[in-house]
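Heads up, the thing below is written out as structure tokens.
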Amino acid sequence: MSRRVVVTGMGAITPIGLSVDEFWKGVKEGKTGFGEITRFDTTDYKVHMAAEVKDFVAKEHLDFKAAKRMELFSQYAVAAAKEAIEDAGLDMSKEDSYRVGTAIGSGVGSLQAIEREYTKIVEKGPGRVNPIFVPMMISNMAAGNVSIQFGLQGKSINDVTACATGTNNIGEAFRSIQCGEADVMLTGGTEGCVCPTAIAGFTALTALSTVNDPEKCSLPFDKNRSGFVLGEGAGIVVLEELEHALARGAKIYAEVVGYGCSSDAFHITSPLEDGAGAARAMTNAVEDAGISTDDVDYINAHGTATHHNDLFETRAIKLAFGDHAKDIKINSTKSMIGHLLGAAGAVEFITCVKEIEEGYIHRTVGFESAEEEMDLDYCKEASECEVQFALSNSLGFGGHNASILIKKYQ
């Protein structure tokens with residue numbers, strides 16, 4: 001018999017707030033985190049906008065000496081993990097540390113470290129490279145640093161599936177607890193790559209919006225959408241086996257009940273045009289939960305604001321849910337915080353949990369109207385309504401599709 005898994009703690013570093021409370025307040029206000037890139041000079045670039053994390057000072061969130069040996073993506077992860085652990089009231093001195101694990105991913109690790117150290121090689125020679133360049137740069141070090149900082153000695157993994165990374169890590173953590181490999185998992189995603197190579201690379205792919213108006217640059221599902229805006233940050237949650245959580249009197253936010261994956265096996269960047277791959281991930285999650293597709297009230301869509309994603313994800317939802325698709329509330333948190341790549345699914349998971357907790361579904365900010373085929377309810381306005389089952393989608397380059405189903409805890 002599989003074990004029940006609940007959410008007992010959450011932490012977030014985002015472009016609209018440096019905690020879950022700040023982030024959620026911003027979401028309810030419809031606040032957007034877009035602005036001119038400040039990390040480097042964009043004069044020669046076609047893209048000038050990003051959703052940067054503002055006012056993050058590492059030493060205010062973690063040990064100063066430890067922070068100096070971490071790149072930004074690891075700092076964000078440790079800061080969000082600290083908030084999640086404190087929120088969960090998790091006391092590691094009372095836990096079997098080998099039963100508490102980590103599943104935290106980053107899509108790219110530190111491109112900045114690569115830029116910085118390669119410049120040293122070119123300008124000063126290979127002998128000048130930082131001795132800890134590699135352990136600062138590689139993407140698994142978010143999970144590694146979180147486990148080191150908090151003494152988590154259980155299973156520690158870093159699932160890297162591009163834009164599906166955050167959701168896949170939470171899903172794999174859910175499975176790890178469900179099947180008895182762990183009692184508690186710190187899980188989610190993190191990213192910190194607003195830098196020249198990322199902006200130039202995604203621009204060359206024609207994936208990024210070139211609109212310079214912060215109110216119009218990220219428009220998921222809207223007919224005027226023009227691409228995604230690169231964001232950064234981290235979302236980390238504490239998942240826990242139900243009886244373990246009850247035994248220590250933990251607050252339970254919600255229950256994770258289903259996880260589904262698939263691969264498009266089609267194209268390195270474009271989703272399947274009929275949406276069949278993403279639809280399979282959604283139906284797999286629903287079947288895993290043992291419910292009907294008609295039970296799903298709400299979907300936090302991948303909703304990147306690229307032409308292909310939003311159209312093909314709409315087709316996927318129709319394929320998975322049939323006539324019920326028109327009754328489902330669908331929104332995109334990326335309308336406020338942009339695309340956090342490996343952290344996107346994790347922050348969107350937290351959004352789902354807060355929406356379930358408060359009976360509030362946020363609007364897709366900036367959405368006015370879609371083209372004819374896109375005729376679902378994309379949440380032009382926020383609404384107050386009870387959410388029993390929330391589905392969160394993440395679709396990554398390479399054809400990775402991941403969906404996770406969250407239930408109001410009873």
Side-chain angles (χ1 to χ4, degrees), residues 14-16 26-27 30-54 107-108 111 162-166 191-233 267-271 300-314 330-345 347-348 351 362-371 373-374 378-380 393-397:
T14 77
I16 59 171
V27 166
K31 183 178 177 182
T32 58
F34 310 116
E36 291 273 346
I37 292 170
T38 64
R39 302 285 166 79
F40 63 97
D41 182 2
T42 61
T43 302
D44 297 330
Y45 292 72
K46 289 181 182 177
V47 170
H48 303 281
M49 305 293 284
E52 297 177 336
V53 166
K54 292 96 178 161
V108 296
L111 293 175
C163 316
T165 294
E191 209 75 79
C193 66
V194 179
C195 62
T197 47
I199 296 295
F202 282 117
T203 302
L205 268 178
T206 65
L208 296 182
S209 172
T210 55
V211 174
N212 290 326
D213 180 351
E215 303 302 315
K216 302 289 185 187
C217 57
S218 181
L219 298 175
F221 300 109
D222 193 85
K223 63 185 178 184
N224 293 317
R225 66 191 184 280
S226 58
F228 74 79
V229 178
L230 187 63
E232 60 173 358
H267 189 272
I268 56 171
T269 58
S270 174
N300 189 298
H302 189 53
T304 59
T306 60
H307 176 270
H308 279 12
N309 176 88
D310 295 3
L311 175 59
F312 301 163
E313 189 174 8
T314 295
I330 301 161
N331 63 11
S332 173
T333 309
K334 293 180 181 72
S335 64
M336 289 174 274
I337 60 173
H339 194 344
L340 273 57
L341 305 182
V347 174
E348 289 155 13
T351 305
H362 76 71
R363 66 188 174 103
T364 299
V365 175
F367 175 77
E368 291 179 359
S369 61
E371 59 262 37
E373 188 182 341
M374 294 169 58
Y378 303 112
C379 297
K380 188 174 181 179
N393 287 340
S394 293
L395 318 174
F397 282 175

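Only heavy atoms go into these numbers, but all of them, side chains included; no hydrogens, no water, no symmetry mates. Model, not experiment: these values are computed from the prediction.
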**Study point:** Heavy-atom closest pair, residues E191 and L340
**Key:** CB-O, 3.3 Å
**Study point:** Inter-residue atom distance I37.CD1 - L230.CG, 0.5 Å rounding
**Key:** 7.5 Å
Check your understanding: Are any of the side-chain heavy atoms of L341 and F202 separated by less than 4.5 Å?
Key -> yes
Point to revise | Between CD1 on residue I330 and CG on residue N300, distance to nearest 0.5 Å | key: 10.5 Å
**Study point:** Heavy-atom pair of closest approach, residues G233 and A343
**Key:** O-CB, 3.4 Å
Review point. Should R225 and E371 be marked as a side chain to side chain contact (heavy atoms under 4.5 Å, CB included) after you check the CA-CA gap, both sets of side-chain angles, and the distance that decides it?
Key: CA-CA 11 Å; R225 66 191 184 280; E371 59 262 37; 3.0 Å; yes
Point to revise | Straight-line distance of R39 CZ to C195 SG, nearest 0.5 Å | key: 10.0 Å
Check your understanding: Got E232 and C193 here, is their nearest side-chain heavy-atom distance under 4.5 Å?
Key -> no
Check your understanding: Under a 4.5 Å cut-off applied to non-hydrogen side-chain atoms, are D310 and T304 in contact?
Key -> yes
Point to revise | Shortest non-hydrogen separation from E368 to D222 and the atoms involved | key: N-OD1, 2.7 Å
Review point. Is there side-chain contact between F34 and P15, with heavy atoms separated by less than 4.5 Å?
Key: no
Review point. Taking all non-hydrogen atoms of both residues, which atom of T165 and which atom of G107 are closest, and how far apart?
Key: OG1-CA, 4.2 Å
Study note, to complete from the structure: Rounded to the nearest 0.5 angstrom, the OG-CZ distance for S270 and F397 is 9.5 Å
Point to revise | Crowding at NZ, K54 (>12 non-hydrogen neighbours, <6.0 Å) | key: yes
Review point. Side chain to side chain donor-acceptor pair (under 3.5 Å) with T210: which residues, sequence neighbours excluded?
Key: none
Check your understanding: Any side-chain donor paired with an acceptor under 3.5 Å for S332 and T364?
Key -> no
Review point. Side-chain contact, heavy-atom cut-off 4.5 Å: H339 with H302?
Key: yes
Exercise for review: Could you grab the distance from atom OG1 of T14 to atom CE of M336, nearest 0.5 Å is fine?
Suggested key: 10.0 Å
Exercise for review: With L208 as reference, evaluate V229, I199, T306 under the side chain to side chain contact (heavy atoms under 4.5 Å, CB included) test and give the passing residue.
Suggested key: I199
Exercise for review: Inspect the contact between K334 and E348 and indicate whether a charged nitrogen and a carboxylate oxygen are less than 4.0 angstrom apart.
Suggested key: yes
Review point. Quick one: are E373 and L311 in side-chain contact, heavy atoms under 4.5 Å?
Key: yes
**Study point:** Approximate separation, where rounding is to 0.5 Å, of N224 CG and F367 CZ
**Key:** 10.5 Å
Study note, to complete from the structure: Scanning both residues in full, the closest heavy-atom pair of P220 with A305 reads N-CB, 3.5 Å
Check your understanding: Side chains of H48 and T42: donor-acceptor distance under 3.5 Å anywhere?
Key -> yes
**Study point:** Where at least one partner belongs to residues 205-226, residue pairs that pass ring-ring contact (aromatic ring centres under 6.0 Å, His included), sequence neighbours excluded
**Key:** F221-Y378
Point to revise | Min side-chain heavy-atom separation V211-M49 under 4.5 Å | key: no
Practice item. Check whether any side-chain heavy atom of H267 sits under 4.5 Å from a side-chain heavy atom of H308, and report yes or no. Key: no
Study note, to complete from the structure: Heavy atoms of S226 and C217 approach each other most closely as OG-O, 4.3 Å
